[in-house]
Amino acid sequence: MDEKLLSIDNATNELIKKAQTDGVETIWDRKANMKPCPMGEKGICCRICTMGPCRITPKTPRGLCGATADVIVSRNFARMVAGGAAAHSDHGRDIAHVLHMASKDGNYKVRDEAKLIKLAKRWEITTEGRDIYDVAHEVAEFALNQFGKPFGNLELPPSLPEQRKKVWEDLNIVPRAIDREVVTIMHSTHVGCTADADSMLDISTRTALSDGWGGSYIATELSDILFGTPIPRETEANLGVLEENQVNIVLHGHEPSLSEMIVLAAEDPELVALAKEVGADGINLAGMCCTANEVTMRHGVKIAGNFAQQELAILTGAVEAVIVDVQCIFPALAPLADCYHTKFITTSPKARITGATHLEFDEEKAYDSAKSIVREAILNFKNRDNKKVFIPQTKNHATVGYSVDAIVNQLDTVVNSQIDPTGTVKPLADCITSGVLRGAAGVVGCNNPKVKHDYGHIELIKELIKNDVIVVVTGCSAQACAKAGLLSKDARRLAGKGLATVCELVDIPPVLHMGSCVDISRILELVGEVAKYLNVDIPQLPVVGAAPEWMSEKAVSIGTYVVASGIDTWLGVVPPVTGGPRVLEILTNEMENTLGAKFFVEPDPVKAAGQIIERIEQKRKALEEMFENKEELAKA
Ligand code: NFS
């Protein structure tokens, strides 16, 4: 591989070249010119009050208020967790509001009644003899109350093993209301509050848990109820999915409430006819970032690319509109879109961007609102300048949409030769305990120009599957895999013997697409159910997490709740905590004593894979010994 290339992905490299020819800049140009602040990199710059900003150096070991490096680092870390938890959870809240407005004749409907009823029963909401929408509205209200309930703790899902809950209780980190946890961080990090790294990290952990087992979990469950629980589907990925003769619309952002309506609107006969009228063959939707995951796993909408590729979509010159809602959207898209004919359309009052066309999405009139947005895109087709068009021919085939239900069903079909609606995780647990699969890894997260684009994800995952570790992916890692062909069933040939055999029998790829980043709750559910089935706590399972190219605050919250859930987590990008020795010690060492898992930082994905496999084998050994002892005890 050419070391000078910025990505392992052809389409990306070709379009970076086109950017140079076209004289426009991309994230990689800005990265080349940017000198990251060495203080910020270590987390030792404090901007919490205006006496500073204070920077910790050997000469100035304390801020003006006396805050030490550890205090500053831990507060900065906590605020990242709060930012991430807020973003994920507010997404969950929005979906709950949409469920609350769902109606039989409205734009939003209940698509998975069984899941709704199951959730209603869990929350002790009467279901018998009631209209399904009455139940839905009460479920939505119950969910909304999890954000601000004044007393008590968060309603935790049944997939959480009792042993894990006990660990949190003993550490006093069981999350309370979701908003309350975020606010607690903002309060505790205010000047003159928490000045103790240990306590600050406990507060951070509790907040992160309110995201993973709360806000994100709610986002996933309610999205499934509203838009359907994903089932395996075929799709294609990379910028080669854009079509020369069609109106290309890129859907970018996060919340399916917008993208689902755009998918419907793009099929509206009136709009399809309009597309023909303007000279196009049709309307081609392609997803980007987590919205791509949402719509591909429910509709098979093709994937244009992941986080680092958002500018490149515009650079093809073939995109009529990039429609965004919230999160992970480059402000750079606005000036870039001006260099091409692309309309950059913002839709959320939470994420307005200077220079964009703002067409606010009105959920009350969702379908009409979506139609007028799509119409804008179609009418822009005539402005396309064919001289500027270059669509790379790179794309790959992928199977996506492995919700927990889909995984359980798929395994059941093999074991019981038919789908059992009450299916359990037994077959999966058996594959792991027998050693056919050595373990499982959840590889998630973003792109970060500190890492060669997609290299961190793909190298790590290839090593893992080669060693019989089954991999589940979400977020931009999932798209990296889709583009690299790892989500195709053919990728079995890259797997070790055990994993390849399981894939063959079950008819799955070695890397399973489980959705967007809020859908990491699906991974929690799966792992929790397997632990419960084996009657162990999560840290005892040969299971790990990894975020090889992470960059966002959401990823900090995710990493923290994954570790607090008892899953060791490998980071490929160094977090801004190295300036706080105590913080570093807790995160990469002591958390193992309290929570049963910790963070590992390893920028080299091949080395990280080696460490992961070693760790998995240690866990296997301990698990096997435990089961042997249990058997002996049972015999005695
Ligand atoms: Ni996740 Fe989704 Fe991608 Fe990173 Fe952004 S899209 S929520 S934060 S960049 S994986």
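Counting starts at 1 for both ligands and their atoms, in listed order. What's counted below: heavy atoms across the whole structure, side chains too, no hydrogens, waters or symmetry copies.
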Which atoms of ligand 1 have any heavy atom of His254 under 4.0 Å away?
2 (Fe), 6 (S), 7 (S)
Can you name the atoms of ligand 1, numbered from 1 with element, that are less than 4.0 Å from a heavy atom of Met551?
9 (S)
Checking [X] side chain against [Y] main chain: does a donor-acceptor pair fall under 3.5 Å?
| X | Y | value |
| --- | --- | --- |
| Ser516 | Gly475 | no |
| Ser210 | Thr207 | yes |
| Thr26 | Trp28 | yes |

Flag the pair Glu25 and Arg30 as a salt bridge only when some basic side-chain nitrogen lies within less than 4.0 angstrom of an acidic carboxylate oxygen.
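Yes.
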Quick one: do Lys343 and Glu320 make a salt bridge, cutoff under 4.0 Å?
no
Under the criterion side chain to side chain contact (heavy atoms under 4.5 Å, CB included), which of Glu553, Arg93, Lys554, His254 is the partner of His88?
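Per the side chain to side chain contact (heavy atoms under 4.5 Å, CB included) rule, the option paired with His88 is Lys554, out of Glu553, Arg93, Lys554, His254.
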Near atom 1 (Ni) of ligand 1, protein N/O/S count under 2.8 Å comes to 1
Using the six-membered ring wherever Trp is involved, compare the ring planes of Tyr108 and Phe227 and label them parallel, tilted or perpendicular (cut-offs 30° and 60°).
perpendicular
